[in-house]
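None of the values given here were measured: they were computed from a predicted structure. When a ligand or atom number is given, it counts from 1 through the structure's own listing order. All values below come from the heavy atoms of this structure, side chains included, with hydrogens, waters and symmetry mates left out.
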Amino acid sequence: PYLKDIFGLTDMEAHIRQLYSLKQVVIVPGDSEQSESTLKELGRAGAASLRKYVGAEDVIAVAGGTTMAEVAEGLNVSSQWKGNVFVPARGGLGERVELQANTVASIMAKKTGSSYRLLHVPDHLGEEAYHTLMQDSNIQEIIQFIRKSRIVLHGIGDAMTMARRRKTDENAMRQLAKAGSLAEAFGYYFDRDGQVVHNIPTVGLRLEDIMKTEVVIGVAGGRSKGEAIAAVLKFGHEDVLVTDEAAAMEIIRHS
Ligand code: G3H
């Protein structure tokens, strides 16, 4: 029988929560890859989760992607958001403007009536450019500010899908595949065991910052992402997962 027949959604939430020692798991019914309304529901659930954990005067680092854009849509103005600042988790990762973390952070700030600060660094940074940029005092200041984030909100993608979407060159694609890349989150690529195998060179939150962040919220759904989500959960630094039923079944299957 299908897992769906064995578990109700609430049981699945508890099961995944226990498997990965998470604070909260939310599963919306359906498959957000197949249904626009499920995707909207996932966005609303992500927004509700962020609302649950946000405090006063928090710095909230957000990643990019279509799911994060849906979470932004699910947010509303309330006095609760006063004093909060949205920032991008990292600099450019090769996404189109609508999906960039800077864009998502500014929309979230606008939707909630809070403020934002942006990180302007070009995509596809070479080593030398990276070091030059890191010496700039304005960049240093905003990076230090981003590293104060108490909450990180991010999507999770299938590694090869994300690499293609970001127009990664053929050579790098082969390297990613050879390293066993399965999942991508906040510009880091993970293998099936949740080990980091590649990192897009840009600035902002480093892996060690994410590991230390008080509340890390992952929002990702769709059957094809299930295994990738499981890989990021195995990395072991998520606190909250917001997903859909189709992905949840795959997460359990790959756990
Ligand atoms: O890091 C993961 C990706 O940004 C997820 O993107 O929400 O468009 O699938 P997506």
Side-chain angles (χ1 to χ4, degrees), residues 26 28 30-36 38-47 49-50 60-75 86-105 107-108 119 123 152-168 172-173 176 181-192 194 196-202 204-207 209-210 213 216-235 237-238 240-244 246-248 250-251:
V26 179
V28 301
D31 185 340
S32 56
E33 256 159 20
Q34 303 296 330
S35 143
E36 189 67 25
T38 303
L39 179 62
K40 293 250 168 298
E41 201 50 54
L42 183 68
R44 278 194 289 268
S49 201
L50 177 60
I60 306 161
V62 297
T66 51
T67 314
M68 284 300 105
E70 284 301 335
V71 174
E73 286 305 308
L75 292 168
F86 285 90
V87 294
R90 300 191 70 204
L93 302 176
E95 296 274 26
R96 8 187 263 272
V97 173
E98 307 89 277
L99 302 182
Q100 287 171 11
N102 267 340
T103 311
V104 174
I107 295 172
M108 286 185 175
L119 177 59
D123 293 357
V152 173
L153 182 69
H154 68 91
I156 297 166
D158 167 75
M160 288 305 151
T161 309
M162 291 312 299
R164 230 172 288 121
R165 190 167 97 189
R166 291 164 177 168
K167 310 235 176 333
T168 308
M173 289 284 273
L176 278 174
S181 306
L182 188 84
E184 188 278 343
F186 33 78
Y188 287 85
Y189 286 87
F190 302 84
D191 68 11
R192 65 177 62 247
V196 174
V197 290
H198 180 72
N199 165 19
I200 299 180
T202 185
L205 289 181
R206 301 157 300 183
L207 210 57
D209 301 314
I210 290 158
T213 304
V216 180
I217 306 174
V219 187
R223 200 175 106 81
S224 76
K225 278 191 187 180
E227 195 177 359
I229 298 168
V232 174
L233 290 172
K234 287 173 195 166
F235 166 61
H237 294 279
E238 298 292 307
V240 177
L241 175 71
V242 181
T243 189
D244 62 21
E250 291 300 305
I251 294 167

> Shortest non-hydrogen contact from His198 to Leu176?
Replying inline: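 Minimum heavy-atom separation between His198 and Leu176: CB-CD2, 3.6 Å.
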Among all the protein's non-hydrogen atoms, which is closest to [atom], and how far away is it?
atom	result
atom 10 (P) of ligand 1	Thr66 OG1, 3.2 Å
atom 3 (C) of ligand 1	Met162 CE, 3.5 Å
atom 1 (O) of ligand 1	Glu184 OE1, 2.4 Å
atom 7 (O) of ligand 1	Thr67 OG1, 2.5 Å
atom 4 (O) of ligand 1	Gly64 O, 3.4 Å
atom 9 (O) of ligand 1	Lys225 NZ, 2.6 Å

>> Does the residue Ala63 have a heavy-atom contact with ligand 1, meaning some pair of atoms that are separated by less than 4.0 Å?
In response: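 Checking ligand 1 against Ala63, which is what was asked, there is no heavy-atom contact under 4.0 Å.
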>> Looking at ligand 1, is there an atom of it that comes within less than 4.0 Å of some heavy atom belonging to His154?
In response: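 No, His154 has no heavy atoms under 4.0 Å from ligand 1.
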> Looking only at non-hydrogen atoms, which of Asp158, Leu42, Ile156 approaches atom 5 (C) of ligand 1 most closely?
Replying inline: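 Looking at heavy atoms only, the winner is Ile156.
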> Given Arg165, Met68, Glu33, which one has a non-hydrogen atom that is nearest to atom 6 (O) of ligand 1?
Replying inline: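 That would be Arg165.
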For residues 222-235, which side-chain donor-acceptor pairs fall under 3.5 Å, sequence neighbours excluded?
residue: Arg223; atom: NH1; partner: Glu250; partner atom: OE2; Å: 2.9
residue: Ser224; atom: OG; partner: Glu33; partner atom: OE1; Å: 3.4
residue: Ser224; atom: OG; partner: Glu33; partner atom: OE2; Å: 2.4
residue: Lys225; atom: NZ; partner: Ile156; partner atom: O; Å: 2.9
residue: Glu227; atom: OE2; partner: Arg192; partner atom: NH1; Å: 2.9
residue: Lys234; atom: NZ; partner: His254; partner atom: O; Å: 2.8

>> Within the 4.0 Å heavy-atom shell around Ala185, which atoms of ligand 1 are there?
In response: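 Atoms satisfying the 4.0 Å criterion: 1 (O).
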> Considering only heavy atoms of Gly65, which atoms of ligand 1 have at least one such atom less than 4.0 Å away?
Replying inline: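 Every atom of ligand 1 under 4.0 Å from some heavy atom of Gly65: 4 (O), 6 (O), 7 (O), 8 (O).
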> Do any N or O atoms from the side chain of Thr103 and from the backbone of Val97 form a donor-acceptor pair under 3.5 angstrom?
Replying inline: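 Present.
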> Is there a donor-acceptor pair closer than 3.5 Å between any side-chain N or O of Ser32 and the backbone N or O of Thr38?
Replying inline: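 No, because the side chain of Ser32 does not come within donor-acceptor range (under 3.5 Å) of the backbone of Thr38.
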> Taking atom OG1 of Thr243 and atom CD1 of Ile251, what is their separation to the nearest 0.5 Å?
Replying inline: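 Nearest 0.5 Å value for the OG1-CD1 distance: 4.5 Å.
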> Below 4.5 Å, heavy atoms only, C-beta onward: do Glu70 and Leu42 meet side chain to side chain?
Replying inline: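 No, every pair of side-chain atoms sits at 4.5 Å or beyond.
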>> Would you say that Arg96 contacts Lys167 through its side chain, given a criterion of any heavy-atom pair below 4.5 Å between the two side chains?
In response: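 Answer no - side chains too far apart.
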> Do the rings of Tyr188 and Phe186 sit parallel, tilted or perpendicular, given the 30° and 60° boundaries?
Replying inline: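 Tyr188 and Phe186: perpendicular rings.
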